[in-house]
Peer 1: 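This is the structure, below, for whatever I ask next.
Order of listing sets the numbers, starting from 1, for every ligand and every atom in it.
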Amino acid sequence: MSGVFITFEGADGSGKTTQLRRAAERLINTDVELVVTREPGGSSAGAEIRALVLETRDQPISPVAELLLIEADRAQHVQETIAPALERGALVLCDRFTDATVAYQGAGRGLDLELIATVNRVATGGLQPDLTLLFDIEVEEAMRRLAARAGSAGEDAPTRFDMERADFHDRVRRGYLAIAAAEPSRVAVIDANRPVDEVGGDVDRLLDEIRCRFGI
Ligand code: TMP
């Protein structure tokens with residue numbers, strides 16, 4: 001595949017989606033085709049699956065059901081959006097991908113990491129990001145931002161994950177950092193406790209580096 005695949009990962013409240021939008025605005029004027037997408041929710045069945053995974057309900061779905069819904073969305077998303085875009089030579093920016101499943105369903109929910117590796121491989125056909133930007137933030141700061149965001153107009157209702165306790169978010173954070181420690185050449189850890197523009201400066205530099213490396 002001739003395109004470049006970049007994923008944005010991090011805790012809820014880490015600012016990764018703001019940074020992805022900012023990066024996309026900067027890249028939209030370049031020659032390369034830009035595809036901006038997200039998980040869960042990037043496939044044609046994505047809106048329904050996203051709602052199933054994120055909405056609070058009286059009878060919560062089980063961790064395994066949650067995992068399989070996310071992977072179903074991912075399988076469809078890779079097949080219909082990400083792989084064709086990469087084959088066309090596009091630059092694909094994806095808000096969350098397989099690392100989120102390792103961090104949330106693995107470290108957060110406690111599901112077996114081998115099982116997660118297997119279903120991730122089945123869903124993606126082995127596709128891996130060329131670069132992952134991990135927005136790392138202190139749990140207290142992330143929770144403070146989420147609480148502030150919850151009251152503001154135009155924001156989505158808090159999801160099942162937003163409403164988890166600090167110890168869940170702490171496990172997710174450690175899960176992400178363990179991935180970064182295991183794969184330092186793919187995963188760049190960005191200190192997301194800092195102001196948006198400072199974080200954005202790091203993002204710009206890393207994206208410029210990888211575009212230069214891949215010549216796009
Ligand atoms: P978002 O707010 O970044 O769009 O993500 C929605 C939620 O989905 C987020 O709280 C984490 C969760 N999620 C998982 O638990 N596992 C996954 O594999 C993905 C992609 C998302």
Peer 1: Using 4.0 Å as the upper bound for N to carboxylate O, is an ion pair formed by R194 and D202?
Peer 2: yes
Peer 1: Is there a heavy atom of R38 sitting under 4.0 angstrom from any atom of ligand 1?
Peer 2: no
Peer 1: Regarding R144 and E141, does a basic nitrogen lie under 4.0 Å from an acidic carboxylate oxygen?
Peer 2: yes
Peer 1: Of all the heavy atoms in R74, does at least one lie under 4.0 Å from an atom in ligand 1?
Peer 2: yes
Peer 1: Among all protein heavy atoms, pick the one closest to atom 5 (O) of ligand 1 and tell me residue, atom and distance.
Peer 2: R96 NE, 3.1 Å
Peer 1: Return the residue, atom name and 0.1 Å-rounded distance of the protein heavy atom closest to atom 12 (C) of ligand 1.
Peer 2: F161 CE1, 3.7 Å
Peer 1: Got the closest protein heavy atom to atom 9 (C) of ligand 1, with its distance?
Peer 2: D12 OD1, 3.3 Å
Peer 1: Against heavy atoms of E39, which atoms of ligand 1 measure under 4.0 Å?
Peer 2: 20 (C)
Peer 1: Can you list the atoms of ligand 1 that are under 4.0 Å from a heavy atom of L54?
Peer 2: 6 (C), 7 (C), 8 (O)
Peer 1: Within a distance under 4.0 Å of any heavy atom of K16, pick out the atoms of ligand 1 and give their elements.
Peer 2: 3 (O)
Peer 1: Is D12 salt-bridged to R96, cutoff N-O under 4.0 Å?
Peer 2: yes
Peer 1: Tell me: protein heavy atom nearest atom 15 (O) of ligand 1, and distance?
Peer 2: Q105 NE2, 2.9 Å
Peer 1: Quick one: are L20 and V36 in side-chain contact, heavy atoms under 4.5 Å?
Peer 2: yes
Peer 1: Please name the residue in the list E209, Q19, R26 that meets the side chain to side chain contact (heavy atoms under 4.5 Å, CB included) test with D204.
Peer 2: R26
Peer 1: For ligand 1, which is the ligand I care about here, please tell me if T101 has any N or O atom under 3.5 Å from one of the ligand's N or O atoms.
Peer 2: yes
Peer 1: Is the F168 ring parallel, tilted or perpendicular to the F161 ring (thresholds 30°, 60°)?
Peer 2: tilted
Peer 1: Side chains of T101 and R74: any donor to acceptor distance under 3.5 Å?
Peer 2: yes
Peer 1: Flag the pair L206 / I6 as yes when at least one side-chain heavy-atom distance between them is below 4.5 Å, and no otherwise.
Peer 2: no
Peer 1: I'd like to know whether ligand 1 has E66 as a neighbour, heavy-atom separation below 4.0 Å.
Peer 2: no
Peer 1: Looking only at protein heavy atoms, identify the closest one to atom 19 (C) of ligand 1 and say how far it is in Å.
Peer 2: A100 CB, 3.6 Å
Peer 1: For atom 4 (O) of ligand 1, which of E9, E164, R50 has the closest heavy atom?
Peer 2: R50
Peer 1: Please lay out, stage by stage, how E164 and R109 fare under the test salt bridge (Lys or Arg N to Asp or Glu O under 4.0 Å).
Peer 2: CA-CA 11 Å; E164 286 287 349; R109 300 273 190 238; 2.7 Å; yes
